[in-house]
Amino acid sequence: MNWQDINQLNEQKKNELRDMKNREREYKDMQRQLQKAIKQGGESAVPASIKEKVEDFGKAISEFRACVEKAATFQDMDDCRFDIRQPRIEDAASDVWDSLRSVEQLGQSIREIKNFERECKNIAKEVGRSLKEAKRADFSAENLAELEKKLNVITEGCNSAVNKAKELINAGQAEEAWETIDEEFHYGMQDRWEAFKTIRQESIEPLMMCRPIKQGLKDMERGLKDIAKQTDRLKREGKNTASLEEIINKANSIREQAVQLIEKGDCEQAGEILQSAEYLRGAFEREFARLIGLGPILHKRSEEDINQQKELSRQFIDEEFGESKDFQEEIKNRMADMMAQMEKEILNRVMVTVQKVAQETMARLVESAGRVGKTNSVKQLLEYTAKANIEDTKVNQLAQEKADLLNTLAEQKNELEQLRGKNKSLASRVEEIENLAADRTYYGQEAKTLYEQALDITSEGDVEAGKAKLDEAYEKSLNALSKENVIAFTDTPLEEWFSGFVKEAKDEGYVSGKADSTGNIVGYDPGGNVLITEMVKMALEAFDKGEADIETSAPKVAPWAKRYIKKAEELGLNVAENRYRDFNAPATRAEIIRTIIETGGFGTTEPTGVFKDVPKTHPYAPFVEKAYQLGIVGGNPDGTFAPDKSVNRAEVAKIITNALEATKSLAK
């Protein structure tokens, strides 16, 4: 070969090698696309044949480069082109890219399937949560099976569509898989959600309203047990409790009706029946008060109860003093006197008119007699004049009587106004007494005597002294009720909602009240925040765990609570994990619930976000959810739980009492 051929051959080599650089970049793009497909769809999403095609493409480029570099003649270059470049590089490139596009579509299909598989799982979770709600709502076995069947149709259809698409993917039928995805998911998923919502609205939500009604039934049952105990006590004391037993029987009958309606699914009607039973509470309390010698009772119940109590107070004052009734009778008599005086006044006015007419008539007679001048007329005139003088004297007497009567009437009007003012003042004092007596229970002879003294003092106008007497009477009443074990402490009176819970807590032995500096129990302090130490003691005592044999070495613990905190450490309770925390600080709602659930051994449940402010990720969510399922807590009307809020001692007594009730229910 001459130098020109050699130069031309070298030029061809440069051009071919330059083209191979572009092919090498294309090969790198293929590899990136391949790795992207593997990353998005997994190894299974990329068939081995496509991987081999990409690798063959890279090998062909390397062989072609080596072939070109070795070529010594134009024939060698042609062999490289026709043996390697054209069949293995140029023709294969289009096939490789088509395969990679197929893989990309396959990967996209796989991604879509994964997305919809997650959506199917979401539906399955909601179905599971709804079935749990249905169980908590006490669906009958038949209704629950029917509901589960309807919901399973949705989840099974969803899973079937996913499996069908996966089978098409595994068979490499990317286009068919995409058509299935488009049909089953892009359009079908919304229909599935709508079907689920429809089933929930028609079958589950109507019965979910039964939950608060059932809680009301539990409260009513607890209340009936309490008043039955009180009735039995009175019966043992020789009291005639027939009227109380009749009220209890009526309440039990109403409760049974509500239970039957709930079993039929008519919770709305059951709720109305329970509300109608409220009047029995007031009836029982009034009858109970009568049997044990209570003074007037006025609870924060209803307007009807308040009006009844005010009427009792009025009757009491009328019976004790009779002033109100006397004043009304006196006012009635005064009004009758006023009417009589008015009649006399009208009569006086008539007499004045008669006198005037008589005088005018006499004047005319004198004038006529003078004109006539006859003796018999003068004589007659003198007779008329004498008669007129007599009538004039009578008229004057009547006028004087009239003046006297008017003076008397004015005096009586003034006295009547004074009586009205006095009556108004008494009515005001009566109302003051009624308001002071409201919401209180006066029990025992000593309290009753003080109550009557308060009425005496108030009727004399000294309202402040009357208030003081009423306060003293109420204090005596609370002391008497506490000593007789009717109420737990003097600061947990009957009329308060928490009285029964604290009483039960004291009877069970897991609360003992607050002591003063000398160690004497002075009350329960229901409105005070419950401290962590107090909460731990209550929970341990309620579930018979007691205290440890030794004290904890944790630094911030009150001396009396050291053995209880040590017991919490031994049991592994979460509240005692951080031994350097301030155990004398107020406990939160979430801490109390977790401590009770752990101490009582209730276990936990998978959270569903039943409360808006306790998300599934909240560390205490499984415990709060379990407490809600067991009826230990019910949350706030706005759907929140307030996990970080402190709890007062009255509330914690109710929570632990509910927990013990849940333990008894589970034992059955």
Q: Check whether Thr595 reaches the backbone of Glu591 with its side chain - one donor and one acceptor, N or O, closer than 3.5 Å.
A: yes

Q: I need the Asp76 CG to Asp83 CG distance, nearest 0.5 Å.
A: 10.5 Å

Q: Is there side-chain contact between Phe74 and Asp79, with heavy atoms separated by less than 4.5 Å?
A: no

Q: Is there a donor-acceptor pair under 3.5 Å between the side chain of Asn658 and the backbone N or O of Ile632?
A: yes

Q: CZ of Arg85 to CZ of Phe64: how many Å apart, nearest 0.5 Å?
A: 5.0 Å

Q: Is there a side-chain contact between Glu661 and Glu504 in this structure, where contact means two heavy atoms from C-beta onward sitting under 4.5 Å apart?
A: yes

Q: Run the salt-bridge test on Glu651 and Arg589 with the 4.0 Å N-O cut-off and return the result as yes or no.
A: no

Q: Which residue in the set Glu534, Glu541, Lys537 passes side chain to side chain donor-acceptor pair (under 3.5 Å) when paired with Tyr564?
A: Glu541

Q: When rounded to the nearest 0.5 angstrom, what is the spacing between CZ in Arg192 and CG in Asn122?
A: 13.5 Å

Q: Taking the side chain as everything from C-beta on, heavy atoms only, tell me whether Ile656 gets closer than 4.5 Å to Phe501.
A: no

Q: Once rounded to the nearest 0.5 Å, what's the spacing between atom CD1 of Ile593 and atom CD1 of Ile655?
A: 5.0 Å

Q: Report yes if the side chains of Phe498 and Arg649 come closer than 4.5 Å at any heavy-atom pair, otherwise no.
A: no

Q: Parallel, tilted or perpendicular: which fits the ring planes of Tyr620 and Phe623, with parallel below 30° and perpendicular above 60°?
A: perpendicular

Q: Which atoms form the tightest heavy-atom contact between Ile84 and Cys67, and what is the distance?
A: CD1-CB, 4.0 Å

Q: Quick one: does any side-chain atom of Asn584 pair with a main-chain N or O of Ile532 as donor and acceptor, under 3.5 Å?
A: no

Q: More than 12 heavy atoms of other residues, nucleotides or ligands under 6.0 Å from CD of Glu606: yes or no?
A: no

Q: Using 0.5 Å steps for rounding, measure from the CG atom of Leu17 to the CD atom of Glu24.
A: 9.0 Å

Q: On a heavy-atom basis, which atom in Lys626 and which in Ile597 lie closest, and how many Å separate them?
A: CG-CD1, 4.3 Å

Q: Considering only heavy atoms from C-beta outward, does the side chain of Asn636 approach that of Phe611 to under 4.5 Å?
A: no

Q: Checking Ser160 side chain against Glu156 main chain: does a donor-acceptor pair fall under 3.5 Å?
A: no

Q: Of the non-hydrogen atoms in Met535 and Val530, which two are nearest, and what is the gap between them?
A: N-CG2, 3.9 Å

Q: Run through Arg563, Glu569, Lys562, Lys566 and flag the one making a side chain to side chain donor-acceptor pair (under 3.5 Å) with Thr552.
A: Glu569

Q: Answer yes if the side chains of Trp193 and Glu119 hold a donor-acceptor pair under 3.5 Å, and no otherwise.
A: yes

Q: Would you please classify the geometry between the Phe57 ring and the Tyr27 ring as parallel, tilted or perpendicular, with 30° and 60° separating the classes?
A: tilted

Q: Are the side chain of Ser94 and the backbone N or O of Glu90 linked by a donor-acceptor pair below 3.5 Å?
A: no

Q: Tell me whether Asn648 contacts the main-chain N or O of Asn529 through its side chain, where contact means a donor paired with an acceptor under 3.5 Å.
A: no

Q: Kindly indicate whether the side chain of His618, heavy atoms from C-beta on, has any atom under 4.5 Å from the side chain of Asp613.
A: no

Q: Within a strict 4.5 Å, meaning less than it, do heavy atoms of the Arg255 and Glu221 side chains meet?
A: yes

Q: I want to check something: taking the side chain as every heavy atom from C-beta on, are Leu147 and Leu131 in contact at a cut-off of under 4.5 Å?
A: yes

Q: For Pro622, what residues pass the side chain to side chain contact (heavy atoms under 4.5 Å, CB included) criterion, not counting sequence neighbours?
A: Thr604, Pro607

Q: Calculate, to the nearest 0.5 Å, the distance between atoms CZ and OG1 belonging to Phe602 and Thr663 respectively.
A: 3.0 Å

Q: Does a salt bridge link Lys53 with Asp95, judged by any charged N lying under 4.0 Å from a carboxylate O?
A: yes

Q: Exactly one of Glu26, Arg25, Arg65 should register a side chain to side chain contact (heavy atoms under 4.5 Å, CB included) with Met20. Which one does?
A: Arg65

Q: Should Glu16 and Arg81 count as an ion pair when the cut-off is N to O under 4.0 Å?
A: yes

Q: Please tabulate, for side-chain N and O atoms in residues 148-155, each donor-acceptor pair with protein atoms closer than 3.5 Å (sequence neighbours left out).
A:
unit_1 : atom_1 : unit_2 : atom_2 : d
Asn152 : ND2    : Glu148 : O      : 3.1
Thr155 : OG1    : Asn152 : O      : 3.1

Q: Whether Glu63 and Lys59 form a salt bridge (side-chain N of Lys/Arg under 4.0 Å from carboxylate O of Asp/Glu) is what I want to check.
A: no

